[in-house]
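In what follows, a structure is listed as structure tokens, so that the remarks can point back to it.
Small disclaimer: the values here were computed from a predicted structure and weren't measured. Per chain, numbering begins at 1; letters A, B, ... match sequence-line order.
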There are 2 protein chains.
Amino acid sequence: MTLDLRVDRSSPVPLYFQLSQQLEAAIEHGALTPGSLLGNEIELAARLGLSRPTVRQAIQSLVDKGLLVRRRGVGTQVVHSQVKRPLELSSLFDDLEAAGQRPATKVLVNTLVPAPAEIAAALGVPEDGDVHRVERLRLAHGEPMAYLCNYLPPGLLDLDTGQLEATGLYRMMRSAGITLHSARQSIGARAATAVEAERLAEQAGAPLLTMQRTTFDDTGRAVEFGDHTYRPTRYSFEFQLLVRP
Amino acid sequence: MTLDLRVDRSSPVPLYFQLSQQLEAAIEHGALTPGSLLGNEIELAARLGLSRPTVRQAIQSLVDKGLLVRRRGVGTQVVHSQVKRPLELSSLFDDLEAAGQRPATKVLVNTLVPAPAEIAAALGVPEDGDVHRVERLRLAHGEPMAYLCNYLPPGLLDLDTGQLEATGLYRMMRSAGITLHSARQSIGARAATAVEAERLAEQAGAPLLTMQRTTFDDTGRAVEFGDHTYRPTRYSFEFQLLVRP
DNA sequence: TAGTGGTCTAGACCACTGT
DNA sequence: CAGTGGTCTAGACCACTAT
């Protein structure tokens with residue numbers, strides 16, 4: 001059975017995007033099975049009444065997502081399984097919500113402080129200036145899961161404590177019109193200090209998973225620095241990544 | 001001063017690729033400074049004697065790498081600093097070599113074993129079949145840094161012990177014509193068992209950084225499963241990631 | 001040899017941004 | 001308003017793969 005593909009030329013949605021969405025959906029719910037050939041681009045273009053470059057643009061976006069593989073002289077195939085969510089800059093809040101965990105957040109500190117030297121350097125603000133400092137405890141099923149300490153440049157965002165407890169920091173930034181662009185991350189481990197252990201209901205010396213991250217918007221400004229510790233029995237970093245071609 | 005860009009039409013290298021390489025080099029060594037505008041695509045195409053789609057393809061590849069940002073009605077700008085190496089599927093060996101650490105490898109085990117259930121599932125091989133098991137100790141400056149246990153499907157690769165000590169597993173796979181496509185990773189932490197501690201010259205109960213990874217080639221086959229432990233005082237995962245638009 | 005994707009052209013119109 | 005990128009067309013020729 002051939003796939004039922006259609007495009008709506010009166011829609012404001014770009015034609016290539018309409019097509020890539022339909023192809024992705026077909027892969028998602030199994031109408032296009034792994035390993036199956038997509039049919040050549042010229043014929044596909046003719047069938048849809050599109051030009052070949054437009055069809056190629058749609059296919060290319062799915063190749064970039066890792067869903068399709070192109071082979072010259074062979075055709076375009078659906079990748080065999082496995083690819084689900086390529087790595088993205090997700091917040092812990094979103095991760096937990098996606099896992100159906102109803103995350104709870106307790107804001108411990110939400111204040112303006114003089115920027116420590118390391119933070120000032122990471123955020124690119126003057127050393128004698130102020131930065132926002134937000135400390136939060138993230139809970140799942142009533143148990144502490146992570147301690148999140150974040151610094152933000154002043155004036156970027158209205159850091160309402162109520163909103164911080166109801167949603168995630170990244171979601172708040174996006175709502176404020178900040179376009180996240182890239183982040184630099186470091187993931188490590190260390191033994192919990194007495195203070196850290198108490199915050200997370202662990203024993204002193206227990207292993208903790210740690211992450212430092214600086215996030216940049218599309219103008220290159222650093223918009224956030226985070227220093228997080230996670231209970232490794234409750235959380236690990238899971239992600240999929242694509243090999244750059 | 002305007003940038004000196006040229007393309008060689010007699011070269012087998014695609015024109016868009018020649019252009020993107022030159023732009024990337026110009027960004028790299030500062031001829032194009034962060035925030036500077038690239039000049040509009042039509043004019044750039046005319047200057048180079050290329051068509052606009054070709055110029056767009058070159059620019060788009062750098063946007064995908066995170067080096068450029070496009071804004072409708074504004075222009076194409078060089079991103080402000082920070083982006084150096086987007087996340088790639090690197091081997092520990094390559095990481096260390098890039099850091100100038102002359103990594104040493106000691107192969108502890110290199111044998112064929114009946115596939116444990118979990119490994120068979122991860123690699124997609126029959127449960128009663130055999131798989132390669134490779135255990136290695138990675139050293140830097142004579143000190144153990146990581147213990148790497150990898151499983152590979154049989155018949156994929158000639159796992160020469162000498163080569164394993166001289167280079168990395170990924171490099172061997174690429175040399176064997178395997179096209180790496182994607183990987184699923186999980187990074188966590190736990191306390192070292194007595195056996196793990198001894199291997200890595202740590203105390204039992206010391207925090208360890210752990211990583212499990214399944215790697216797939218472009219046909220969707222699992223080509224490797226790895227179960228690694230790292231000394232967190234000697235190693236952490238550092239990477240940069242781009243926000244999917 | 002036939003069929004595929006890879007590259008390239010020379011236009012066109014639209015949507016958005018800034019002044 | 002002028003200028004930018006975003007989308008789209010209807011072709012063309014080439015390189016690679018399989019048979």
Side-chain angles (χ1 to χ4, degrees), chain A residues 5-23 35-64 66-79 177 179 181 217-219 245, chain B residues 5-23 35-64 66-79 177 179 181 217-219 245:
Chain A
L5 297 170
R6 274 166 303 179
V7 292
D8 173 8
R9 302 197 82 103
S10 70
S11 161
V13 178
L15 300 176
Y16 80 90
F17 193 76
Q18 292 183 39
L19 177 53
S20 71
Q21 277 187 317
Q22 288 179 46
L23 291 174
S36 64
L37 284 163
L38 209 58
N40 78 62
E41 299 172 349
I42 314 273
E43 186 266 343
L44 193 53
R47 209 167 91 208
L48 287 161
L50 297 173
S51 70
R52 185 179 167 208
T54 302
V55 170
R56 274 185 67 80
Q57 192 175 359
I59 292 175
Q60 187 58 47
S61 71
L62 298 182
V63 171
D64 291 342
L67 295 174
L68 297 177
V69 183
R70 286 207 252 228
R71 297 165 187 278
R72 188 159 16 187
V74 179
T76 303
Q77 287 177 306
V78 179
V79 157
T179 306
H181 176 266
D217 73 0
D218 59 1
T219 70
Chain B
L5 297 171
R6 272 166 305 181
V7 293
D8 173 8
R9 300 197 84 103
S10 70
S11 161
V13 178
L15 301 176
Y16 80 89
F17 193 75
Q18 292 183 39
L19 177 53
S20 71
Q21 276 187 318
Q22 287 179 48
L23 291 175
S36 64
L37 283 165
L38 208 60
N40 77 62
E41 299 171 349
I42 312 272
E43 186 267 342
L44 193 53
R47 209 167 90 207
L48 287 161
L50 297 173
S51 69
R52 187 182 167 207
T54 302
V55 170
R56 274 185 67 82
Q57 192 175 359
I59 291 175
Q60 186 58 48
S61 72
L62 297 183
V63 171
D64 291 342
L67 294 174
L68 298 177
V69 183
R70 286 208 252 229
R71 297 165 190 279
R72 180 147 40 173
V74 179
T76 303
Q77 286 177 307
V78 180
V79 158
T179 307
H181 176 266
D217 73 0
D218 59 0
T219 69

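- Partners of B:Thr54 by side-chain hydrogen bond (donor to acceptor under 3.5 Å, both in side chains), not counting sequence neighbours, listed by chain and number: B:Ser51.
- Rounded to an integer number of Å, the gap from B:Gln60 CD to C:dT7 C1' is 16 Å.
- Separation of atoms CD (B:Gln21) and OH (B:Tyr16) is listed at 10.0 Å; rounding is to 0.5 Å.
- Partners of A:Arg9 according to the side-chain hydrogen bond (donor to acceptor under 3.5 Å, both in side chains) rule, which considers only residues two or more places apart in sequence or in another chain, do not exist here.
- Proximity of a side-chain donor or acceptor of B:Glu41 to a complementary backbone N or O of B:Val55 within less than 3.5 Å is not detected.
- The interatomic distance linking B:Gln57 (CD) with D:dG6 (P) rounds to 15 Å, in whole Å.
- When only modelled atom types and interatomic distance are considered, B:Arg6 and B:Gln18 share no side-chain donor-acceptor pair under 3.5 Å.
- The salt bridge (Lys or Arg N to Asp or Glu O under 4.0 Å) check on A:Arg72 picks up nothing, with sequence neighbours excluded.
- Residues from residues 11-21 of chain A placing a heavy atom under 4.0 Å of any atom in DNA chain C do not occur.
- Computed from coordinates, the B:Arg56 CZ to C:dT7 P distance equals 17 Å when rounded to whole Å.
- For the OP1/OP2 pair of C:dT9 and a distance below 4.0 Å, the side-chain nitrogens and oxygens of B:Thr54 include at least one atom meeting the criterion.
- Here the C1' atom of nucleotide D:dT7 and the CG atom of A:Asp8 are 16 Å apart, to the nearest Å.
- Taking the side-chain hydrogen bond (donor to acceptor under 3.5 Å, both in side chains) definition, one finds that A:Thr179 meets it with nothing, sequence neighbours left out.
- With contacts defined as side-chain heavy-atom distances shorter than 4.5 Å, the pair B:Leu44/B:Leu5 qualifies.
- Counting to the nearest Å, the P atom of C:dG6 and the CD1 atom of A:Ile42 are 11 Å from each other.
- In the set D:dT9, D:dT4, C:dG5, the nucleotide with an atom closest to the side chain of A:Arg9 is D:dT9.
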Inset, instruction - Any chance you could list the contact pattern along nucleotides 10-19 of chain D? Use B for base contacts, S for sugar-phosphate-only contacts and - for none, protein heavy atoms under 4.0 Å, 5' to 3'. - result: B-B--BBB--

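- Neither OP1 nor OP2 of D:dT4 sits under 4.0 Å from any side-chain N or O of B:Arg70.
- Closest non-hydrogen pair, A:Leu68 versus A:Val79, comes out as C-CG2, 4.0 Å.
- In terms of phosphate contacts, A:Asn40 brings a side-chain nitrogen or oxygen within less than 4.0 Å of OP1 or OP2 of C:dT4.
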